[in-house]
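Okay, so here's the structure we're looking at.
The figures here come from the full heavy-atom set of this structure, side chains too, leaving out hydrogens, waters and symmetry mates.
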Amino acid sequence: MKTAITPTREQDYPEWYQQVIKASDLAERSPVRGCMVIKPWGYALWENITRWLDDRFKAIGVRNAYFPIFIPLSFLESEAKHVEGFAKECAVVTHHRLEKGKGGGLEPAGKLTEPLVVRPTSETIIMDSFKKWISSYRDLPLLINQWANVVRWEMRTRMFLRTSEFLWHEGHTAHATAEDAMDLTMKILDIYEDLAENVLAMPVLKGVKSEAERFPGADDTFAIEAMMQDRKALQAGTSHFLGQNFAKASDIKFQTADELEAYVWTTSWAVSTRLIGGLIMTHGDDDGLVLPPKVAMSQIVLLPISRKPEDYEKIMAYTDGLAEELRKVHYHHRPLSVEIDRRDTGGARGWEWIKKGIPLRVEIGPRDMAADSVFVGRRDKGHKDRVSMKRAEFVDNIGNLLDDIHSNLLNRARDYQKEHTHRMDDKEDFYRFFTPENKEKPEIHGGFVESHWCGNPECETKIKDDLNVTIRCMSVNGETEDGSCICCDAASTRRVVFAKSY
RNA sequence: CGGGGCGUGGCGCAGCCUGGUAGCGCACCUGCUUUGGGAGCAGGGAGUCGCAGGUUCAAAUCCUGCCGCCCCGACCA
């Protein structure tokens, strides 16, 4: 069968990913290494994510602020542990002027006395503000978020998943007690899970990271992990309980109600445009992108079929009327967004929208108009699997129809994750499971494996060195089970989730 | 940053071995035909063949250097 995307996922997954981004018009490469231009169809996904999250953050009292993109070099010279993690990938501004050079080109001039670092993350500069803003327990909790771009000079980039510059939000909070900070950390993790499942239809595992995978400077890192269709794990969001580490590094103290001096407890949390990469790899198929309705720029495209000149006006009027009616419908608190594609390019027109992943395609021809009906194709079903329904029925049930697409996508992804999640207690099985047959160009293999781990970082490292498999997360429910470590056979009290990851 | 592959109109590719001023499919524009479907015919626009040197009467093709992309690693909130 002919597919709209070549190669297929099975043939070459990484190449398929690139081709989907191209074919769906989400983004394109920029002239700058590792950077990308996010096009309207792609940026709308981010806008919908940001709008949803922003509402949820505000609902729990978080306020937005904005901190500078430039961070004084001295801020990163503090002894904070996390700085080491970023030092190698910082872009640094050293000059503030361009002058005509000898060759006729422009050359940097006007050397800065103190170089500025382009933020890879904003902890240091935000903590600097927190120090000024906090003096009493009455100032707490302080709940701040910023929507921003950050730059990390990555060795190897991939569109959406790891780009040199990316868009994200970073939440930073300060609390009077460890309990308050931990509560907030978990509250955010729940919001991320809700976002993933209810907006992106992306099932996730929620858990805590092992020490090796923890954010440098955090006491605990919590994450949501999703399974892509190549069965690799994608860390889709993180929420960190930072203890008093940053408070001590930045000297953020407050006076308690009983007049004692204490360090604040802080958290930080983020999701980024990486989520869009996750979205592509969770739902995309060999015909292109597949978008869940709540995150799509538009839910519906109307495709009038009116090639006989005498039909043209009537069909267009019918189409416009339907669009107007649909746009009055609210879907999860927002008016439906409806596209009309009037081009007369035959079936190719429909395929373009399939590749772009729009949830519903509605064809409107003379016969539909005569019967007061519409011909509807769902992106989550085969492209030939289209049904005729009465126009009024379609409009009245549009919300249910879109919700059904959402839950179908979510269930499908859940089933896939379940199908490729296994419990393993035998080391050989474990190694075989994670070893591809073709090492040069690995086929799709592996998945999530729940195995016992003794807690020794050396076992974790050994497995990483041998198989490039890491512990993605550990349950936060405190479930225990006696067993023996998949690596060293020592006694273990719990299973953790192993997988290859992005 | 190491190993491998690749850079030719918007997209996918052939041509390169055996140098002789660039071709195919899709997309785009025009006309006719078709009309519930990734349409057919005819015509057309669009490429300094990644960049820079070199060899040569002549370079997409041969040589050298560089850049970029993809994969496997290393690295990585």
- Task: Mind checking Gln19(A) for me? I need base, sugar-phosphate or nothing, with any heavy atom below 4.0 Å counting as a touch.
- Result: sugar-phosphate

- Expressed as a whole number of Å, how far does the C1' atom of A52(B) sit from that of A60(B)? 16 Å

- Report which part of the nucleic acid Glu123(A) touches: base, sugar-phosphate, or nothing (heavy-atom distance under 4.0 Å, all strands). base

- Which nucleotide in the set C11(B), C72(B), G36(B) lies at the smallest distance from any side-chain heavy atom of Arg158(A)? C72(B)

- Base, sugar-phosphate, or nothing for Arg29(A), non-hydrogen atoms under 4.0 angstrom? sugar-phosphate

- The reported gap from CD in Glu197(A) to CE in Met202(A) (rounded to nearest 0.5 angstrom) is 10.0 Å

- Item | Nucleotide forming a Watson-Crick or wobble pair with C1(B), both distances under 3.5 Å | G73(B)

- Task: Using the C1' atoms only, state how far C6(B) lies from A14(B), rounded to an integer number of Å.
- Result: 15 Å

- Query: Using purine N1 to pyrimidine N3 plus N6-O4 or O6-N4 for Watson-Crick, or N1-O2 and O6-N3 for G-U wobble, both under 3.5 Å, which nucleotide pairs with G25(B)?
  - Reply: C11(B)

- Message: Once you apply a heavy-atom cut-off of 4.0 Å, does Gly377(A) come out as touching a base, just sugar-phosphate, or nothing?
- Response: nothing

- Indicate whether OP1 or OP2 belonging to C69(B) is found under 4.0 Å from a side-chain N or O atom of Gln18(A). no

- Message: What's the gap between C62(B) and U55(B) when it is taken at their C1' atoms, as a whole Å value?
- Response: 8 Å

- Item | Test: Lys88(A) cationic atom under 6.0 Å from Trp153(A) six-membered ring centre, within 45° of axis | no

- Query: G45(B) and G3(B): how far apart are their P atoms, nearest whole angstrom?
  - Reply: 46 Å

- Message: Of the options G38(B), A77(B), G68(B), whose atoms approach the side-chain atoms of Arg33(A) most closely?
- Response: G68(B)

- Item | Rounded distance in Å between the C1' positions of C28(B) and G47(B) | 15 Å

- Message: Counting distance alone, no hydrogens or angles: does the base of A77(B) have a donor or acceptor under 3.5 Å from a partner atom on the side chain of Thr121(A)?
- Response: yes

- Query: What does Pro442(A) touch in the nucleic acid at a heavy-atom separation under 4.0 angstrom: a base, only the sugar-phosphate, or nothing?
  - Reply: sugar-phosphate

- Message: Considering every strand and a 4.0 Å limit on heavy-atom distances, what is the contact class for Gly365(A): base, sugar-phosphate, or nothing?
- Response: base

- For the side chain of Met155(A), starting at C-beta, report the closest nucleotide among A77(B), A74(B), C69(B). A74(B)

- Going by 5.5 Å between centroids and 30° between planes, is there a stack of Phe215(A) over A77(B)? no

- Could you tell me whether Arg152(A) contacts a base, only the sugar-phosphate backbone, or nothing, with contacts defined as non-hydrogen atoms closer than 4.0 Å? base

- Message: Could you identify the nucleotide paired to A46(B), looking across every strand shown and requiring Watson-Crick or G-U wobble geometry with both distances under 3.5 Å?
- Response: none

- Query: Looking at Lys22(A), does any N or O in its side chain come under 4.0 Å of the phosphate oxygens OP1/OP2 on G12(B)?
  - Reply: yes

- So what does Gln235(A) touch, heavy atoms closer than 4.0 Å: a base, only the sugar-phosphate, or nothing? sugar-phosphate

- Mind checking Asp368(A) for me? I need base, sugar-phosphate or nothing, with any heavy atom below 4.0 Å counting as a touch. base

- Task: Give Trp353(A) one of three labels, base, sugar-phosphate or nothing, depending on what nucleic acid heavy atoms sit under 4.0 Å from its own.
- Result: nothing

- Separation of Lys500(A) NZ from Arg472(A) CZ (nearest 0.5 Å): 13.0 Å

- Within the modelled atom types, does a donor on one side and an acceptor on the other bring the side chain of Arg156(A) and the base of C76(B) under 3.5 Å apart? no

- Check every strand shown and say whether Arg343(A) touches a base, only sugar-phosphate, or nothing at a heavy-atom separation below 4.0 Å. nothing

- Message: Whether Arg367(A) contacts G36(B) is assessed here as follows: a side-chain N or O lying under 4.0 Å from the phosphate OP1 or OP2. Is that the case?
- Response: no

- Message: Of the options C28(B), C76(B), A77(B), whose atoms approach the side-chain atoms of Thr345(A) most closely?
- Response: C28(B)

- Message: Tell me whether the side-chain N/O atoms of Arg361(A) come closer than 4.0 Å to OP1 or OP2 in G38(B).
- Response: no

